[in-house]
Amino acid sequence: MPEGPELHLASCYINTVCAGLIFSGKVEKSEVSKNPEVLFESDAYLISATSRGKEIKLTLTPLKEEKNTLPGRGKDREGLSQNGLQQPMDIVFRFGMSGSFKLASGAELPKHAHLRFYTKESPHRALCFVDIRRFGRWEVHGTWQLDRGPCVMLEYEKFRENVLRNLSDKAFNKPICEALLNQKFFNGIGNYLRAEILYRLKIPPFEKARTVLEALQHRKQSPDLTLSKKVKLKRENPDLLELCHAVPMEVIHIGGKGYSPEPSDDAAAFEEWLQCYCVPGMRSLRDGNGRTIWFQGEPGPMAPKGEKSRKRRLRVNADPEPPSPKVTKPVPTRSSKGSSSQEKVAKRSGRKKGKEPVQGAKNVKANEARKPNARSRRKASTSQESPTSEAPAADRKRQASDRRSTGAATAAPRSRRVKAE
DNA sequence: CGTCCACGTCTAC
DNA sequence: TAGACCTGGACGG
């Protein structure tokens, strides 16, 4: 679920579904989670949420000044004042690769629900932190992580200043595509957003970040224009930092959960929204950290040497007109869903995935449309399109950033899996 | 069956 | 700058 928009949508979800809901009792953690216990207990409390970049903060607020009557009860709780009252508590979450929140029936909890807040009502329900891969973290009495910058969505001006005032930072020695993932400056940007943002401006992903950003420092605007003209100009020609705000805002306005595996009208709309990330016909490379960057056109001067540009036939995304990025696209305000779903699907499956050749084209066997949502994988991993690459095969070490080594190490994990959740 | 891949941090050489 | 941390879907044999 998790780049900035997904975190923000999660906070909206929580505030919506928990509005007027009263929670009660203890907070329950799954056995398998290595995150800290949440020693909070109250007879009646409320839950609200706020987000900042890729973090979300839940606030638990006890309702009345309920006294802790039972002796001994809650002795191990945190946040108790001297007289035994449960104080409000903040918990800050990061979502890892798969975190999300869901209000579910207390009787049948979702799989991988690692933290549960139960409602007071008779058939209990539970607000659950669901996290399949368990890369997510929470901190009791948490605060926004100190070395993360201002939120690209909710603190745009501060975010912009923080970048432009610190261009001498070594973070900007890196390629722009890598700098965009640095949460110290781009809190909220993740892998699909960086691709979509760079694509809108056709900035080569491996252009040096400082080079790209220095150009924005003194955007001299002709002083003779009227204010409204300036505004219009700006809206129609957003620069990179403006897009770091506007692009994630587009996702928020689609609604739903943003990037999510759960099928829904909104999920379909999101897929439709993607113009570059995982889109057939786009190129991709591994960046310096082994993450896949999707782009179109030239990789740029700092591109990893000897890397192969793989084209994949992936998803059955839309992507109507070929390569022209729609920079200004007005916010697609939540429309009457319901009917839209059907036509969307029809539309998309009927769509040819447009443009074709991207350089070394090769014999890329075009995307045979898979079923929607199917992110078809692979084509050539080690067999890459070698001929074009100037690098000897030996050089491409398989960036295994997210992989368990094969071979000897596999036995252990296997057995651990047994202890299901 | 096995391999590769995924929306992200973390921390240990 | 490699791994580590995890589960599960897609695909290949």
Side-chain angles (χ1 to χ4, degrees), chain A residues 1-10 30 32-35 53-56 92-100 110-114 130-139 145 147-148 174 178 180-184 186-196 247-248 251 256-263 267 270-271 273-274 276-278 284 286-294 304 310 312-316 368 370-384 397-407 409-421:
Chain A
M1 232 199 141
E3 293 185 26
E6 288 75 22
L7 276 281
H8 183 73
L9 287 166
S30 73
V32 289
S33 174
K34 294 173 182 165
N35 279 303
K54 270 185 239 180
E55 297 185 303
I56 185 170
V92 170
F93 292 79
R94 263 153 274 136
F95 277 8
M97 293 286 266
S98 58
S100 67
K111 209 177 174 194
H112 307 294
H114 296 300
V130 179
D131 183 8
I132 296 177
R133 298 182 67 180
R134 274 184 270 153
F135 292 171
R137 297 277 137 86
W138 65 76
E139 287 170 33
Q145 208 168 248
D147 43 5
R148 304 184 75 105
K174 307 226 171 181
E178 291 175 25
L180 284 172
L181 292 185
N182 186 335
Q183 303 299 298
K184 185 174 177 196
F186 298 92
N187 190 5
I189 302 300
N191 205 22
Y192 80 72
L193 283 170
R194 70 171 178 172
E196 295 299 312
V247 172
V251 178
K257 298 182 154 185
Y259 189 177
S260 157
E262 321 249 296
F270 175 81
E271 287 247 326
W273 172 85
L274 289 172
C276 180
Y277 180 78
C278 288
S284 66
R286 297 314 189 99
D287 70 13
N289 299 309
R291 301 263 261 151
T292 302
I293 173 68
W294 290 85
R310 301 165 288 138
R312 309 192 195 166
R313 23 70 147 173
L314 264 250
R315 341 175 337 199
V316 188
E368 31 239 62
R370 308 268 136 170
K371 21 161 86 160
N373 281 339
R375 284 175 141 46
S376 63
R377 301 286 151 202
R378 234 318 69 66
K379 189 17 341 138
S381 150
T382 47
S383 64
Q384 244 59 266
K397 48 239 257 48
R398 289 256 19 157
Q399 289 294 7
S401 74
D402 190 19
R403 238 175 341 122
R404 188 183 302 293
S405 62
T406 56
T410 44
R414 249 281 145 285
S415 55
R416 295 184 82 246
R417 298 240 295 106
V418 177
K419 96 169 285 107
E421 294 170 26

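Sequence lines set the chain letters: A, B, ... in the order given, protein chains first and strands last, and positions in each chain run from 1.
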Is [X] near enough to [N] that one of its side-chain N or O atoms lies under 4.0 angstrom from OP1 or OP2?
| X | N | value |
| --- | --- | --- |
| A:Lys54 | B:dT9 | yes |
| A:Gln183 | B:dG8 | no |
| A:Arg291 | B:dC5 | no |
| A:Arg134 | B:dG8 | no |
| A:Ser98 | B:dG8 | no |

Rounded distance in Å between the [atom1] positions of [N] and [M]:
| N | M | atom1 | result |
| --- | --- | --- | --- |
| C:dG13 | B:dC5 | P | 15 Å |
| B:dT9 | C:dG9 | C1' | 23 Å |
| B:dC10 | C:dG8 | C1' | 23 Å |
| C:dA4 | B:dC4 | P | 16 Å |

Could you tell me whether the side chain of [X] and the main chain of [Y] form a donor-acceptor pair under 3.5 Å?
| X | Y | result |
| --- | --- | --- |
| A:Asn35 | A:Gly136 | yes |
| A:Ser284 | A:Ile293 | no |
| A:His114 | A:Arg134 | no |
| A:Glu178 | A:Asn289 | no |
| A:Glu3 | A:Arg194 | no |

Please pick, from [options], the nucleotide with the shortest atom-to-atom distance to any side-chain atom of [X].
| X | options | answer |
| --- | --- | --- |
| A:Lys111 | C:dC5, C:dG8, B:dA6 | C:dG8 |
| A:His112 | B:dT9, B:dC7, C:dG8 | C:dG8 |
| A:Glu3 | C:dC5, B:dC7, B:dC5 | B:dC7 |

side-chain contact (heavy atoms from CB on, under 4.5 Å) assessment of A:Ile56 paired with A:Val92
CA-CA 6 Å; A:Ile56 185 170; A:Val92 170; over 6 Å; no

I need the [atom1]-[atom2] distance between [X] and [N], as an integer number of Å.
| X | N | atom1 | atom2 | result |
| --- | --- | --- | --- | --- |
| A:Phe186 | B:dT9 | CZ | P | 14 Å |
| A:Phe95 | C:dC5 | CZ | P | 24 Å |
| A:Arg133 | B:dA6 | CZ | P | 10 Å |
| A:Asp287 | C:dT1 | CG | P | 11 Å |
| A:Ile56 | B:dG8 | CD1 | P | 16 Å |
| A:Asp131 | B:dG8 | CG | C1' | 11 Å |
| A:Ile132 | C:dG9 | CD1 | P | 8 Å |
| A:Trp273 | B:dC7 | CH2 | P | 14 Å |

Using 30° and 60° as the class boundaries, would you call the ring planes of A:Phe93 and A:Trp138 parallel, tilted or perpendicular?
tilted

Protein and nucleotides 10-13 of chain B: nitrogen or oxygen contacts under 3.5 angstrom:
from: B:dC10; atom 1: OP1; to: A:Arg94; atom 2: NH1; distance (Å): 2.4
from: B:dC10; atom 1: OP2; to: A:Gln145; atom 2: OE1; distance (Å): 3.4

Expected output check: what is the dot-bracket annotation of DNA chain B, where ( ) and [ ] are pairs inside the strand (brackets for crossing ones), | is paired with another strand, and pairs are Watson-Crick or G-U under 3.5 Å?
||||||.|||||.

Test salt bridge (charged side-chain N to carboxylate O under 4.0 Å, His left out) on A:Arg137 and A:Asp131; report intermediate values, then the result.
CA-CA 10 Å; A:Arg137 297 277 137 86; A:Asp131 183 8; over 6 Å; no

Can you name the residues that form a side chain to side chain donor-acceptor pair (under 3.5 Å) with A:Arg94, not counting sequence neighbours?
A:Glu55, A:Glu139, A:Gln145

Please tell me if the side chains of A:Tyr259 and A:Tyr277 come closer than 4.5 Å, counting only heavy atoms from C-beta onward.
yes

